Amino acid sequence: MNLFADIRALVIDCLTDLTTEGVLPDGLGFDNVTVEPPRDASHGDMATNAAMVLAKPAGSKPRDIADALAAKLMGDARIVSAEVAGPGFLNLRLDASVWAGVVKAALTQPDFGTSDLGAGKKINVEYVSANPTGPLHVGHTRGAIFGDALASLLDYAGFDVTREYYINDGGGQVDVVARSVYLRYLEAHGQEVTFEDGTYPGHYLIAAGEALKDKVGDAYVDQPEDVWLADVRVFATDAMMDLVREDLASLGIKMDNFFSEKSLYGTGRIEEAIADLKSKDLIYWGTLKPPKGKMPDDWQPREQWLFKSTDFGDDEDRAVQKGDGAWTYFAPDIAYHFDKVSRGFDALVDVFGADHTGYVKRMKAAVAALSGGTVPLDVKLAQIVRLFKDGSEFKMSKRAGTFITVQDLVDQVGKDVARFIMLMRKNDTPFDFDFDKVTEQSKDNPVFYVQYAHARVHSVLRKAADAGIDLSDLAGADMSLAATEPENALAAKMAEWPRVVEVAARSNEPHRVAQYLYDLASEVHSLWNRGNDDASLRFLQDDNIPASQAKIALIRAASVVISHGLGILGVTPAEEMR
RNA sequence: GGACCAUUAGCUCAGCUGGAUAGAGCGCUGCCCUCCGAAGGCAGAGGCCAGAGGUUCGAAUCCUCUAUGGUCCGCCA
């Protein structure tokens with residue numbers, strides 16, 4: 001159930017009636033009519049802008065429309081009052097039975113809050129896609145967590161979601177890893193090795209070197225590169241991807257599909273994608289203009305194959321083939337997205353790091369061209385995270401050895417904290433991650449605050465069970481026993497949940513879920529605190545089992561919504577804080 | 001030179017795709033624990049929504065320009 005959608009439908013019905021009665025002229029569009037929670041609770045439970053939106057096209061005053069609509073709405077049992085206010089808002093108050101319905105829905109409908117927004121459409125969310133050169137570091141985590149929560153959100157909103165990781169195993173960096181693993185392999189055979197420029201000395205490669213030794217023995221020792229490179233490349237990539245998978249798992253991320261860039265080479269798939277663009281007359285032989293601003297010293301004009309991305313809003317056309325005939329990095333990316341389109345996805349989302357900002361337009365251009373404009377691509381950027389520790393910024397440096405991995409992060413603050421904190425902020429604004437603050441166990445820490453709300457409810461449930469209160473049919477409780485104003489406020493907040501899901505999913509913004517959970521948790525805590533002063537608001541009412549059941553039903557419903565929301569964010573809904 | 005993103009309370013950030021008197025946390029101020037739910041609670045102060053124009057019933061939100069900050073900008077991967 002979605003209360004806001006229900007009431008909006010009611011408003012539209014009433015407007016339609018007014019049209020047939022001749023109060024409103026024919027042919028009015030109701031698309032702009034909204035039903036929203038009011039900014040100020042004293043205005044009522046819901047507000048509609050119908051009168052203001054329709055006044056102009058209907059050629060009448062907002063007040064007149066509002067009055068007529070109010071009279072109509074009052075005919076529905078759910079509407080207790082409908083008052084015109086401000087510039088023409090219609091403020092609605094809802095019957096207490098409506099809130100009881102929300103509580104029951106949250107308790108009995110496992111899909112409370114899910115949506116048919118996605119209508120089963122296939123959507124592909126690509127995220128992380130870090131080079132397979134080693135374990136993930138903190139720089140990757142924001143995009144990883146964001147992409148994962150977004151995927152869950154879209155799933156919850158009714159999309160058929162595929163979580164995907166693009167393995168950049170086609171470029172030269174893989175050779176570097178392969179050579180580095182080879183050095184560690186020699187080391188495993190007791191040789192002295194030195195890591196020169198162009199190799200990675202990372203300790204995480206030691207295990208890979210030993211594993212290679214276990215696999216091939218001494219077959220590659222003191223052999224020229226052409227003997228072992230191809231094989232070690234595969235071996236090293238697999239080993240690195242195993243590390244990546246472990247890191248993802250420790251963040252609670254599990255991909256549906258890993259797509260190998262390498263699989264595009266030598267299989268005709270790049271050629272196929274480029275041919276598709278050629279057939280659309282979007283590939284031509286030409287010369288790029290020199291870059292503006294600081295001119296590279298060695299820049300020289302050169303003729304090459306270019307993609308006409310300017311036709312689709314890009315600033316420059318982009319090269320797909322280098323002067324030496326090899327593909328640019330862009331070419332396999334085109335082929336990869338061609339593959340996504342070919343797999344029948346209705347929509348695509350790419351999550352990039354902030355360092356790929358300049359890449360967005362050409363990627364959108366490519367997808368628009370390849371799909372004939374039928375498949376939308378939304379690119380979300382994960383902005384940088386500044387790390388703070390002991391009051392000052394913590395700069396990462398590979399050389400200085402101050403390199404924080406995903407494992408370090410998870411070890412220090414835990415998966416739940418890392419996920420929630422990063423998901424509270426919009427993805428495209430930079431933010432500061434303070435190690436000291438996020439591990440604090442207090443109200444000031446939003447992760448703790450939300451989890452604590454959930455745990456508190458479970459604490460009440462345990463106490464109620466100890467007191468022998470029957471909790472087997474909370475949905476059947478007489479909710480009129482928990483219908484005071486602060487209690488209704490909590491139910492009203494729950495009623496927003498389906499709306500939050502839709503809005504968040506429509507804009508691909510999971511942070512809205514986190515913000516909402518904070519607000520909902522706040523309502524739970526607030527109600528709890530009121531019990532300190534007003535014993536009639538305590539959840540366990542001595543000698544009044546029906547009232548206790550109703551109040552428990554209310555907060556239990558809230559905890560169910562919290563756990564749904566935390567589920568989307570990938571944060572554990574703790575039942576107990578320790 | 002250009003692109004993208006940001007700019008909201010002293011600080012860190014929200015603001016539900018254009019709605020009413022712009023919100024939260026921290027910090028600040030003032031109250032509140034002999035007892036039952038204080039890892040606290042309640043209340044208050046604090047804003048020219050970077051600036052200037054524009055669009056309309058109505059703008060923090062949309063458009064243009066300007067300023068500041070961030071991320072980038074060759075056939076790199």
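Below, read A as the first sequence line, B as the second, and so on, with proteins coming before strands; counting in each chain starts at 1. None of the values given here were measured: they were computed from a predicted structure.
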Give one of base, sugar-phosphate or nothing for A:Asn131, where a contact means two heavy atoms less than 4.0 Å apart. sugar-phosphate
Select base, sugar-phosphate, or nothing to describe what A:Phe433 touches, counting heavy atoms under 4.0 Å on all strands. nothing
Counting primed atoms plus P, OP1 and OP2 as sugar-phosphate and everything else as base, spell out the protein contacts along nucleotides 3-16 of chain B at 4.0 Å heavy-atom distance: B, S or - for each nucleotide, 5' to 3'. SBSS-----SSSSB
In terms of the angle between their ring planes, are A:His458 and A:His454 parallel, tilted or perpendicular, with boundaries placed at 30° and 60°? tilted
Contacts of A:His137 meeting ring pair (Phe, Tyr, Trp, His ring centres under 6.0 Å) (sequence neighbours excluded), chain-then-number -> A:His140, A:Phe403
Who passes side chain to side chain donor-acceptor pair (under 3.5 Å) against A:Lys380, sequence neighbours left out? none
Check every strand shown and say whether A:Tyr452 touches a base, only sugar-phosphate, or nothing at a heavy-atom separation below 4.0 Å. base
Which part of the nucleic acid does A:Gln173 contact within heavy-atom distance under 4.0 Å: base, sugar-phosphate only, or nothing? sugar-phosphate
Residues at least two apart in sequence or cross-chain that pass ring pair (Phe, Tyr, Trp, His ring centres under 6.0 Å) with A:Phe435, listed by chain then number, are A:Phe433
Would you please name every residue forming a side chain to side chain contact (heavy atoms under 4.5 Å, CB included) with A:Ala68, sequence neighbours left out? A:Leu18, A:Val23
Base, sugar-phosphate alone, or nothing: which one does A:Asn32 contact when heavy atoms must sit under 4.0 Å apart? nothing
Consecutive Watson-Crick or G-U pairs in runs of at least 3, all under 3.5 Å, in which RNA chain B is involved: B:1-7 with B:67-73, B:10-13 with B:23-26, B:28-32 with B:40-44, B:50-54 with B:62-66
Side chain to side chain donor-acceptor pair (under 3.5 Å) pairs touching residues 47-56 of chain A, sequence neighbours excluded, are A:Thr34-A:Asn49
Partner residues of A:Tyr166 under the ring pair (Phe, Tyr, Trp, His ring centres under 6.0 Å) criterion, sequence neighbours left out: A:Tyr336
Quick one: list whatever passes side chain to side chain donor-acceptor pair (under 3.5 Å) with A:Tyr449, sequence neighbours left out. none
Pair listing, side chain to side chain donor-acceptor pair (under 3.5 Å) test, anchored in residues 515-526 of chain A, at least two apart: A:Arg456-A:His525
Interface with RNA chain B, restricted to residues 50-64 of chain A and to heavy atoms under 4.0 Å: A:Met52, A:Val53, A:Lys56
For A:Ala236, which residues count as a side chain to side chain contact (heavy atoms under 4.5 Å, CB included) partner, sequence neighbours excluded? A:Val177, A:Val181
Which part of the nucleic acid, if any, lies within reach of A:Ala354 when heavy atoms closer than 4.0 Å are counted: base, sugar-phosphate only, or nothing? sugar-phosphate
